[in-house]
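Shown next, in structure tokens, is the structure this report addresses.
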Protein chains: 2
Amino acid sequence: MSNLKHNEQSNFDATLLRLSLDRTSRVSLQAQLIAALRAILSESRAPMGLRLPSSRQLSQELSVSRTTVVGAYDQLVSEGYLHTKTGGGTFVADQLPHLSPPPPAAKDHPTPPKAWVPFESAIPDQSLFPHRLWSRHLERAWAKPDAALLGKPDPFGWYPLRRAISSHLSAWRSLDCRPEQVLITSGTSEALEIIFRSLATQGVRAAVEDPGWQTMRQVLGALGAEVQPIPIDARGLDANRIDDAASVAIVTPSRHYPTGISMPMGRRTALLAWAAHRSGLVIEDDYDSEFRYQGHPLPSLAGLDGLKQTIYLGSFSKLLSPALRIGYLVLPDTLIASARGYLDIYAARASLVPQPALATFMDSGEFAVHLRRMRRIYARRQAHLIEALSPSAGLIDVSADPSGMHLCAALLQCLRRRATDQTIATVAQSRGLQVKALSSYSILADPRQGLVLGYAAFDEPTLSAAAQVLNRVLGEFMKDRS
Amino acid sequence: MSNLKHNEQSNFDATLLRLSLDRTSRVSLQAQLIAALRAILSESRAPMGLRLPSSRQLSQELSVSRTTVVGAYDQLVSEGYLHTKTGGGTFVADQLPHLSPPPPAAKDHPTPPKAWVPFESAIPDQSLFPHRLWSRHLERAWAKPDAALLGKPDPFGWYPLRRAISSHLSAWRSLDCRPEQVLITSGTSEALEIIFRSLATQGVRAAVEDPGWQTMRQVLGALGAEVQPIPIDARGLDANRIDDAASVAIVTPSRHYPTGISMPMGRRTALLAWAAHRSGLVIEDDYDSEFRYQGHPLPSLAGLDGLKQTIYLGSFSKLLSPALRIGYLVLPDTLIASARGYLDIYAARASLVPQPALATFMDSGEFAVHLRRMRRIYARRQAHLIEALSPSAGLIDVSADPSGMHLCAALLQCLRRRATDQTIATVAQSRGLQVKALSSYSILADPRQGLVLGYAAFDEPTLSAAAQVLNRVLGEFMKDRS
């Protein structure tokens with residue numbers, strides 16, 4: 001052994017033999033010894049390969065049983081701090097576990113944050129969200145929390161939030177409900193789980209709109225429900241087309257997702273008549289109806305129905321932020337007990353953290369102020385995008401949409417002859433745009449062809465630049481490609 | 001009966017007789033009735049002493065079997081909402097359970113907040129949580145949010161939190177992992193969904209401990225997995241007993257839930273050998289291992305395994321607060337792509353709101369300070385409870401538990417001859433205590449008999465008072481009951 005190593009070994013031995021254990025402690029001598037050794041090995045960065053005293057020697061020095069030392073050594077071997085050699089001896093391991101380089105201080109993320117790219121849809125402009133105001137509501141809710149926040153939580157969620165939602169729906173969606181009918185969820189998938197897992201049995205057949213939200217179809221499949229996709233027309237879903245076997249219909253009547261078509265009154269009453277006749281259930285997914293720019297929205301279907309056979313689904317994802325993961329169900333009275341029975345088994349998943357803050361944010365009126373502000377901004381952005389897409393007016397249908405956060409631009413015939421919406425979307429993506437093909441929302445044959453273009457999250461210069469790129473892409477499809 | 005009381009009785013009767021139950025629901029009529037009655041009794045603050053309709057009358061009104069109503073009434077008697085009188089009749093109890101004096105903001109809620117009642121288990125003492133500190137982390141995270149918080153979220157969750165968890169696990173659980181292996185969830189149910197829905201196909205068979213966490217069995221059933229319950233012994237689960245058909249084993253090795261048994265090294269290595277031989281998967285549910293009071297915990301099973309065939313589940317529910325709804329998975333490298341594929345379809349459910357605050361709370365060291373503080377307090381509370389239960393030392397086994405947040409007190413033979421743990425739990429509940437029967441965690445025949453007594457959330461005077469009641473209850477069982 002070299003002189004240097006000899007010194008290191010001496011120092012190491014001295015440290016170990018100087019250990020002292022507390023015999024009055026509740027903690028066993030062995031546990032103390034393990035902890036002490038582990039600390040020495042980590043902190044001293046003991047060079048690999050140093051030898052530990054024999055168990056006999058250490059046990060004599062520390063006045064503990066040899067079994068104690070043997071057990072401690074064994075533990076540290078199993079943890080990787082020490083190793084034994086054939087022929088005897090216990091040594092510091094070659095690579096001590098748990099010594100990792102300190103995380104880089106400057107970079108918090110392994111990859112740069114991914115900003116949203118036009119025309120990503122279904123997202124609000126979060127840079128316009130009143131963060132400072134919101135963070136104060138968070139701080140106030142939790143600095144000295146209401147005793148009820150610390151007690152046994154109601155599986156239906158924070159009551160003042162349910163009450164605030166009830167008021168909001170009354171004012172904005174002509175839907176009257178009691179807070180007791182409102183259930184806070186972590187989003188639409190959980191909402192569907194609660195509904196379908198507390199409904200009858202497997203084999204529930206649900207009629208859904210086609211085109212429609214694909215994820216929902218997958219969630220329904222995973223829940224054991226059969227799905228009947230019904231192609232919509234210019235007036236949305238036609239209840240006459242619902243199979244005899246279907247007992248649930250899931251619709252987006254205020255603004256069909258993703259085409260934007262609004263279901264007129266005749267179709268609404270027909271759907272409710274179907275539900276009454278069939279003892280069926282209608283699930284109304286009303287995801288961003290607050291953003292109406294022209295005219296007056298028809299009242300919610302659930303409001304029309306008096307919440308007798310309709311469950312209403314709402315969400316804050318597009319109104320505020322998808323990061324919240326807060327949505328809600330409004331249930332007919334007849335289904336409340338069933339939902340509570342379900343949640344007695346499977347706990348509700350919505351975090352309580354944002355709930356009281358959201359309640360005070362809504363009660364203070366600031367939520368409504370924010371919605372009205374965003375509504376004005378989104379309306380302007382839609383108009384701006386339509387203008388910026390006017391060079392493509394002969395290729396895609398860019399008529400104004402009285403509401404929403406995205407345009408659904410049908411491919412016009414001359415373009416349709418040349419390309420599918422999927423092809424166009426792929427090319428656009430290769431040019432840095434996020435465009436969705438309307439046909440990707442369909443599972444039926446011969447789907448409508450169009451492009452889904454979100455605009456809400458992007459300012460006007462960004463929309464102009466993106467529109468330029470899209471115009472160019474579309475124009476290229478019209479050139480002779482021989 | 002006075003006029004006032006007569007009116008109250010009339011109103012009460014009317015409410016009850018207007019109840020409606022959903023016959024198409026998967027949730028049993030009895031479960032619905034129990035939940036509905038419980039809600040009415042809590043919300044309406046029905047004056048004590050009001051009489052309930054006879055079981056015959058209610059069964060006729062609601063068109064359910066009389067057995068259903070009798071069963072519902074019995075349950076609510078055992079929960080303390082109702083009581084019966086010699087001579088007949090069922091009445092609203094004199095003191096409804098879970099009623100604590102209202103806080104200043106009581107008018108926000110239709111019912112007073114339900115404080116936790118001893119010996120409710122699996123909950124931390126939230127009154128000792130550093131709320132003000134936490135609320136500042138929340139405020140700072142969201143007042144001027146990091147651009148990455150507003151951009152496209154990583155389905156695995158907020159990176160700095162994943163990194164903080166990785167550091168925590170290294171220090172506290174001897175588990176080395178990269179942040180990239182950490183996935184933030186809304187809790188264990190979602191964790192199981194992610195795992196089972198991204199694993200092979202239906203028909204996965206999972207070996208689980210018996211006794212064990214009942215909700216997990218229900219979640220597994222709903223996910224289409226078969227369950228093989230394996231009775232544990234003094235050393236936990238024995239891998240030799242796992243069926244040939246099982247490919248997953250779900251265990252709580254550090255501290256079996258709910259008995260507290262720690263799985264020794266021999267059993268751990270046997271389980272890992274099983275996984276290697278079978279190409280199986282071990283899921284380690286490590287729910288409150290930070291609260292160890294004596295001795296030194298064995299490193300996590302996943303750490304021992306080097307995260308090759310083990311998925312590690314952790315949660316902040318008991319460490320901080322169940323209201324957060326934040327938990328996490330640590331995945332072997334081989335399963336990361338699969339989980340990402342799953343989350344591409346079904347979005348992750350954990351709210352983003354608490355995540356950046358939790359990350360800074362952990363990075364600042366305040367989380368570790370809090371854990372160590374709670375560990376000391378919980379250790380004292382356990383000792384205090386054991387002392388307070390010493391009068392019952394011949395009836396239940398109240399030996400010290402080196403870790404955890406609840407005692408699992410086996411019924412000793414003399415008591416076992418006189419009563420089942422379920423009976424004792426029911427009587428205890430009627431006296432205002434929340435005691436769980438150990439046998440209720442079992443589905444196998446001839447389950448162990450014991451009482452699960454949570455102590456973490458209750459101060460010493462509360463524990464003394466509750467122990468007095470429990471001692472009395474146990475004593476009564478030993479009296480001659482002719």
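Letters go in sequence order (proteins before strands), and every chain restarts at 1. Everything numeric in this text was worked out from a predicted model, so none of it was measured.
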Measuring from atom [atom1] of [X] to atom [atom2] of [Y], what distance do you get when rounded to the nearest 0.5 angstrom?
{"X": "B/Gln32", "Y": "A/Asp344", "atom1": "CD", "atom2": "CG", "result": "11.5 Å"}
{"X": "A/Ile345", "Y": "B/Ser189", "atom1": "CD1", "atom2": "OG", "result": "11.5 Å"}
{"X": "A/Glu190", "Y": "B/Tyr346", "atom1": "CD", "atom2": "OH", "result": "15.5 Å"}
{"X": "B/Leu138", "Y": "A/Trp134", "atom1": "CG", "atom2": "CH2", "result": "9.5 Å"}

For B/Ser135, the option from A/Arg140, A/Glu139, A/Lys144 that meets side chain to side chain contact (heavy atoms under 4.5 Å, CB included): A/Glu139
Segment of A/Glu193 engaging chain B (4.5 angstrom heavy-atom cut-off): side chain
Segment of A/Ala350 engaging chain B (4.5 angstrom heavy-atom cut-off): backbone
What part of [X] gets within 4.5 angstrom of chain A, counting heavy atoms only: side chain, backbone, both, or neither?
{"X": "B/Gln30", "result": "neither"}
{"X": "B/Ala171", "result": "neither"}
{"X": "B/Ala348", "result": "backbone"}

A/Trp142 side chain vs B/Arg136 backbone, donor-acceptor pair below 3.5 Å: no
When B/Ser166, B/Pro153, B/Gly151 are compared by non-hydrogen pairs under 4.5 Å with chain A, the top option: B/Gly151
For A/Arg325, side-chain hydrogen bond (donor to acceptor under 3.5 Å, both in side chains) partners two or more places apart: none
A/Lys152/B/Glu120 salt bridge by N-O under 4.0 Å criterion: yes
So which of [options] has the largest heavy-atom pair count under 4.5 angstrom toward chain B?
{"options": "A/Thr215, A/Leu150, A/Thr334, A/Val353", "result": "A/Leu150"}
{"options": "A/Arg349, A/Gln355, A/Gln126", "result": "A/Arg349"}
{"options": "A/Ala359, A/Ser186, A/Pro145, A/Ala339", "result": "A/Pro145"}

Close side-chain approach of B/Ser351 and A/Pro354, heavy atoms under 4.5 Å: yes
Beyond-backbone contact of B/Leu324 with A/Leu352, side-chain heavy atoms, under 4.5 angstrom: no
Set of ring-ring contact (aromatic ring centres under 6.0 Å, His included) partners for A/Phe458, sequence neighbours left out: none
For A/Ala143 against B/His131, the heavy-atom pair lying closest together: O-CB, 3.5 Å
